Amino acid sequence: MIKIGVIGCGFIGSQICMAIDSGFIEAELTGIFDFSGEKVNSVLSELKNASPQKLNPEQLSEICDLIVECASQEAVLKYAPPILSNGCDLMILSAGALQNRDFYALLQKTALQHDCKVYIPSGAIAGTDGLKSAAVAGLNSVTVTTRKPVSGLIGSPYLLEKKIDLSQIKEPILLFEGKAADAVVAFPKNVNICATISLCGIGFEKTVVRIIADPNIHENIHELEVFGEFGHMKMTIENKPSPQNPKTSYLAALSTISMLKRITNPIQIGI
Ligand SMILES: NC(=O)C1=CN([C@@H]2O[C@H](COP(=O)(O)OP(=O)(O)OC[C@H]3O[C@@H](n4cnc5c(N)ncnc54)[C@H](O)[C@@H]3O)[C@@H](O)[C@H]2O)C=CC1
Ligand SMILES: O=C([O-])CC(=O)C(=O)O
């Protein structure tokens, strides 16, 4: 059975641990890590079957086949290179960290050298299958429009830096319009999907991102619009936010669980 380690015991991490614990993902939950001991203990207290060790990321990578990062972009920057250097596969949720070209190249080189893989689930967006296929023939434009309730945006570096107070807004506001490379830095906990879309399509410099704060919605709504040689694609997804972390959509955890099921199954369906 594949040995899995989890970094980050928040919403997504706890959902993965539960899915392994229940047997829905056929794997061994070998170890977990979070810089909050409270979060680690909270996950441990909910497990019925698995008994993962509390280990740091380097220790995890010595005994696991695959580590799932569901912590933060900083965690990816710090832990991904040593994990891959230990020959351990890595699944990345905080995909915005990959906007740095040198870092992306380092991960690619390290993974190749140590014969391991980096997996990026589709997360809170849909349409990555069609986008990847379409990219083969060439794309003209890719635009992501993200609309979130105010509670899902509060605390973002962009709002703090620009001193934008959303608490009293009554109508939707366009907060950001620009390239994905800047969006994932300005809103590191909100638009990791834009990194995933950039990597599937035309890259961080050409992917256009719009971020709207909408006080009248309760869902995280993402629209993807693509033009290319294949034709035109338009996709809208209305995600329920997780009750534990309003920034994160429930679908992000489900997509990670689905990808882990795929990896642990010898029969592969879809691209
Ligand atoms: N790719 C995608 O589509 C999506 C990606 N995300 C990203 O996935 C990650 C996890 O999301 P959630 O589970 O909702 O977050 P969360 O905030 O519920 O949990 C994150 C956990 O990681 C821990 N953590 C943060 N930085 C750490 C570090 N450097 N070392 C150790 N522990 C650390 C925190 O203490 C917390 O317990 C976030 O970065 C989030 O932005 C979220 C939604 C969609
Ligand atoms: O969960 C979502 O709707 C999107 C999100 O936070 C991210 O991409 O970082």
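None of these values were measured; they are calculated from a predicted model. Each ligand, and each atom within it, is numbered from 1 in the order the structure gives.
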Which residue holds the protein heavy atom closest to [atom], what is that atom called, and what is the gap in Å?
atom	value
atom 19 (O) of ligand 1	G10 CA, 3.2 Å
atom 11 (O) of ligand 1	I12 CD1, 3.6 Å
atom 44 (C) of ligand 1	A252 CB, 3.4 Å
atom 22 (O) of ligand 1	A71 CA, 3.4 Å
atom 1 (O) of ligand 2	S249 N, 2.7 Å
atom 6 (N) of ligand 1	N192 ND2, 3.9 Å
atom 18 (O) of ligand 1	F11 N, 2.9 Å

Sub-3.5 Å N/O-N/O distance, [X] and ligand 2:
X	value
T248	no
K247	yes
A252	no

>> Out of the candidates E69, K189, Q73, only one should pair with S94 under the side chain to side chain donor-acceptor pair (under 3.5 Å) rule; please name it.
In response: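 So, applying the side chain to side chain donor-acceptor pair (under 3.5 Å) to S94 and each of E69, K189, Q73, only E69 qualifies.
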
Cut-off 3.5 Å, side chains only: do [X] and [Y] have a donor facing an acceptor?
X	Y	result
S156	N190	yes
K54	N41	yes
H232	E225	yes
T30	E28	yes

Numbered atoms of ligand 1 (with element) below 4.0 Å of [X], judged on heavy atoms:
X	result
N245	12 (P), 14 (O), 15 (O), 16 (P), 17 (O), 18 (O)
I193	3 (O)
Y79	30 (N)
G123	2 (C), 3 (O)

Contact check, [X] vs ligand 1, heavy-atom distance below 4.0 Å:
X	answer
A124	yes
K189	yes
K39	yes

> Which atoms of ligand 2 sit under 4.0 Å from any heavy atom of K148?
Replying inline: 2 (C), 3 (O), 4 (C), 5 (C), 6 (O)

Backbone or side-chain N or O of [X] under 3.5 Å from ligand 1 N or O:
X	answer
S36	no
S94	yes
F35	yes
S72	yes
I7	no
T248	yes
A95	no

> Between I263 and M91, does a side chain to side chain contact (heavy atoms under 4.5 Å, CB included) hold up when you go through it step by step?
Replying inline: CA-CA 11 Å; I263 289 170; M91 190 174 291; 3.5 Å; yes

Within reach of ligand 2, part of [X] (heavy-atom separation under 4.0 Å):
X	answer
K189	backbone
V191	backbone
A124	side chain
H222	side chain
N190	backbone

> So between V40, L93, V43, whose heavy atom ends up nearest atom 5 (C) of ligand 1?
Replying inline: L93

> Can you tell me how far CZ of F187 sits from CG of N192, rounded to the nearest 0.5 angstrom?
Replying inline: 13.0 Å

> In Å, rounded to the nearest 0.5 Å, how long is the span from CD1 of I25 to CE of M1?
Replying inline: 12.0 Å

>> Tell me whether L84 shares a hydrophobic cluster with M259, the cluster being built from Ile, Leu, Val, Met, Phe, Trp, Tyr side chains joined at under 4.5 Å.
In response: no

>> According to a hydrophobic-cluster definition based on side-chain heavy atoms being under 4.5 Å apart (Ile, Leu, Val, Met, Phe, Trp, Tyr only), do I7 and I120 belong together?
In response: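 Result: yes, single cluster for both.
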
State whether the side chain of [X] and the backbone N or O of [Y] hold a donor-acceptor pair below 3.5 Å, judged by distance alone.
X	Y	value
H222	I125	no
R262	I269	yes
Y158	L175	yes

Can you tell if the side chain of [X] reaches within under 4.5 Å of the side chain of [Y], non-hydrogen atoms only?
X	Y	result
Q53	I63	yes
I197	L224	yes
P243	Y250	no

>> Quick test of your reading of the model: are R147 and D214 salt-bridged, counting only N-O distances below 4.0 Å?
In response: yes

> Taking heavy atoms and a distance under 4.0 Å, where does D34 meet ligand 1: side chain, backbone, both or neither?
Replying inline: both

>> With side chain to side chain contact (heavy atoms under 4.5 Å, CB included) as the criterion, how do L66 and Y119 come out once you've worked through the C-alpha distance, each side chain's angles and the decisive distance to 0.1 Å?
In response: CA-CA 10 Å; L66 167 67; Y119 299 99; 4.1 Å; yes

